[in-house]
Amino acid sequence: VASEKATAIILRVVDFSETSCVVTLFTREFGKLRGLAKGARRLKGPFESALDLLALCRIVFLPRSGDALDLLTEAKLERRFRPCKGSLASLSAGYYIAELLTELTDHNDPHERLFDLADRTLIQLARGGPVPVLVLRFELLSLGILGHLPSLEQCVECGATVPNTGRGRSEEGLTIVRDRQTHPTSQNAKERRLPFALLEGGVLCRACRPGKRRVVSVSNQTIDVLRQFARTDSDTWHRLPSSAVTSGELRAVMNQYLNHLVGKRLRMHAYL
Ligand SMILES: [Zn+2]
């Protein structure tokens, strides 16, 4: 078998023996891989301590068929992940990205756009970018790339357009967010809520709501923020106040939706 080269982000390193590790990597060319790195725990060798969590590496490996681990033969460090000023939030967000890549992708199923998104997000985290914004952006764009984006505009059951605050202009969503900061109580009273089905993955129209299990009630404002972040071509989310992104409701919806999707509780949610 010929060896292959790839660019990879290190997702997980587990000691295997006194000298070897089992490494989980997300590669741009081959998707997720698990490889045995013989001699990786020695300081000198073909890996030169490049196998660091979230590091970007150029790797060489021997693919194995079936369930056998691939054999990692070389790793060259391109960039180590250093959280901005040692920030715990930035580090946790990095770990969370590794967890999402591990749980949401399959072995040998490449997604170049997802790799580039992860790479870019790690760079932005290291430079001190706004953590809640970068996390939500990564979550929604990766869900979009992998075909798991919740249905936010149409009823997930029948496809009917679910009306929201306005007539489809994204600016109106932004206005609501700003108003709410200055007049929290008056806006709260008027705030509409939409049913969001966790299992089906999206909003429901009034007709489809009855009888559905695992439905949460989500404010218009949160749905608006999600809609704006989910649009790959939109940059309006840059202008959203950070309070809109850090709202407890928004985190709760994303956490519950992702937990349902992967079928277990994601570990890093507790640290976000
Ligand atoms: Zn419907």
Side-chain angles (χ1 to χ4, degrees), residues 7-9 11 25-32 54 56 79 81 83-84 89-106 109-154 156 164 170 173-174 177 196 198 200-203 218 221-242 244-247 249-262 266 268-269 271-272:
T7 308
I9 295 170
L11 302 181
L25 317 109
F26 186 61
T27 68
R28 193 170 194 276
E29 296 82 352
F30 304 92
K32 193 169 66 181
L54 296 170
L56 181 74
R79 191 184 68 239
F81 176 70
C84 178
S90 158
L91 181 67
S92 300
Y95 287 168
Y96 180 51
I97 283 167
E99 185 177 31
L100 284 178
L101 291 173
T102 306
E103 299 297 338
L104 291 174
T105 67
D106 293 318
D109 181 21
H111 290 280
E112 286 185 6
R113 277 175 56 221
L114 180 57
F115 181 91
D116 295 342
L117 173 69
D119 186 37
R120 199 168 63 240
T121 307
L122 290 173
I123 291 174
Q124 289 169 324
L125 284 170
R127 285 182 187 157
V131 174
V133 170
L134 292 173
V135 166
L136 185 64
R137 180 98 176 131
F138 181 80
E139 288 173 322
L140 287 167
L141 292 188
S142 59
L143 288 172
I145 291 168
L146 296 168
H148 296 305
L149 193 66
S151 179
L152 299 165
E153 320 258 353
Q154 274 95 31
V156 66
N164 202 356
S170 57
L174 287 169
V177 171
F196 182 97
L198 292 168
E200 289 83 0
V203 292
V218 183
Q221 185 199 343
T222 293
I223 297 289
D224 268 350
V225 174
L226 292 176
R227 283 177 178 175
Q228 291 185 48
F229 271 68
R231 291 190 195 115
T232 44
D233 56 340
S234 156
D235 272 336
T236 52
W237 55 273
H238 273 305
R239 309 205 304 265
L240 283 168
S242 62
V245 185
T246 51
S247 95
E249 185 190 46
L250 190 142
R251 272 302 353 138
V253 175
M254 284 309 295
N255 291 359
Q256 290 189 60
Y257 176 67
L258 283 159
N259 286 343
H260 270 90
L261 189 65
V262 304
L266 289 166
M268 288 311 295
H269 278 166
Y271 301 91
L272 290 178

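Note that this is a predicted model, so its numbers are computed, not measured. Worth knowing before you read on, the calculation uses all heavy atoms, side chains too, and leaves out hydrogens, waters and symmetry mates.
Within the 4.5 Å cutoff, the side chain of Met254 has heavy atoms near those of the Leu140 side chain. At least one side-chain heavy atom of Leu100 sits under 4.5 Å from a side-chain heavy atom of Glu139. Taking the side chain as every heavy atom from C-beta outward, Leu198 and Asn259 never approach each other to under 4.5 Å. Side-chain contact between Leu56 and Leu122: absent, with no pair of heavy atoms (C-beta onward) separated by less than 4.5 Å. The side-chain heavy atoms of Val225 and Glu249, taken from C-beta on, include no pair separated by under 4.5 Å. Between Tyr271 and Leu91 there is no side-chain heavy-atom pair separated by less than 4.5 Å. Annotation: side chain of Tyr95 is in contact with side chain of Leu54 (closest heavy-atom distance under 4.5 Å).
Scanning all heavy atoms of the two residues, the minimum distance from Gly201 to Val156 falls at O-CG2, 3.7 Å. Closest of all the heavy-atom pairs between Leu25 and Ala8 is CD2-CB, 3.8 Å. Of all the heavy atoms in Cys84 and Gly128, the pair that sits closest is SG-CA, 3.4 Å. The two residues Leu104 and Val262 make their nearest non-hydrogen contact at CD2-CG1, 3.7 Å. Of all heavy-atom pairs between Ser142 and Leu117, the closest is N-CD2, 3.8 Å. Scanning both residues, Lys32 and Thr102, for their nearest heavy atoms gives NZ-O, 2.7 Å.
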Evaluate side-chain contact (heavy atoms from CB on, under 4.5 Å) for Ile97 paired with Ile9, printing each intermediate quantity in order.
CA-CA 11 Å; Ile97 283 167; Ile9 295 170; over 6 Å; no

Evaluate the criterion side-chain contact (heavy atoms from CB on, under 4.5 Å) for residue pair Val245 and Phe229; output intermediate values, then yes/no.
CA-CA 10 Å; Val245 185; Phe229 271 68; 4.0 Å; yes

Evaluate Leu101 against Phe115 for side-chain contact (heavy atoms from CB on, under 4.5 Å), listing each step before the verdict.
CA-CA 9 Å; Leu101 291 173; Phe115 181 91; over 6 Å; no

Give the C-alpha distance, both sets of side-chain angles, the deciding distance and a yes or no for side-chain contact (heavy atoms from CB on, under 4.5 Å) between Val218 and Leu226.
CA-CA 11 Å; Val218 183; Leu226 292 176; 5.6 Å; no

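The backbone N or O of Pro110 lies less than 3.5 Å from no partner atom in the side chain of Glu29, so there is not a single donor-acceptor pair.
The only member of Arg79, Arg28, Arg113 that meets salt bridge (charged side-chain N to carboxylate O under 4.0 Å, His left out) when paired with Asp119 is Arg79.
Interatomic distance, NE2 of His260 versus CG of Asn255, reported as 12.5 Å (0.5 Å rounding). The distance from atom CD of Gln124 to atom CG of Leu134, rounded to the nearest 0.5 Å, is 5.0 Å. How far CD1 of Ile223 is from CD of Glu153: 10.0 Å, rounded to the nearest 0.5 Å. Expressed to the nearest 0.5 Å, how far CD of Glu99 lies from CG of Leu258 amounts to 10.0 Å. Summarising the geometry, atom CZ belonging to Phe196 is positioned 11.0 Å from atom OG1 belonging to Thr222; distances are rounded to the nearest 0.5 Å. With rounding to the nearest 0.5 angstrom, the CG atom of Leu11 is 7.0 Å from the OG1 atom of Thr105.
Between His269 and Tyr96, the ring planes lie tilted relative to each other; the angle falls in the 30° to 60° range.
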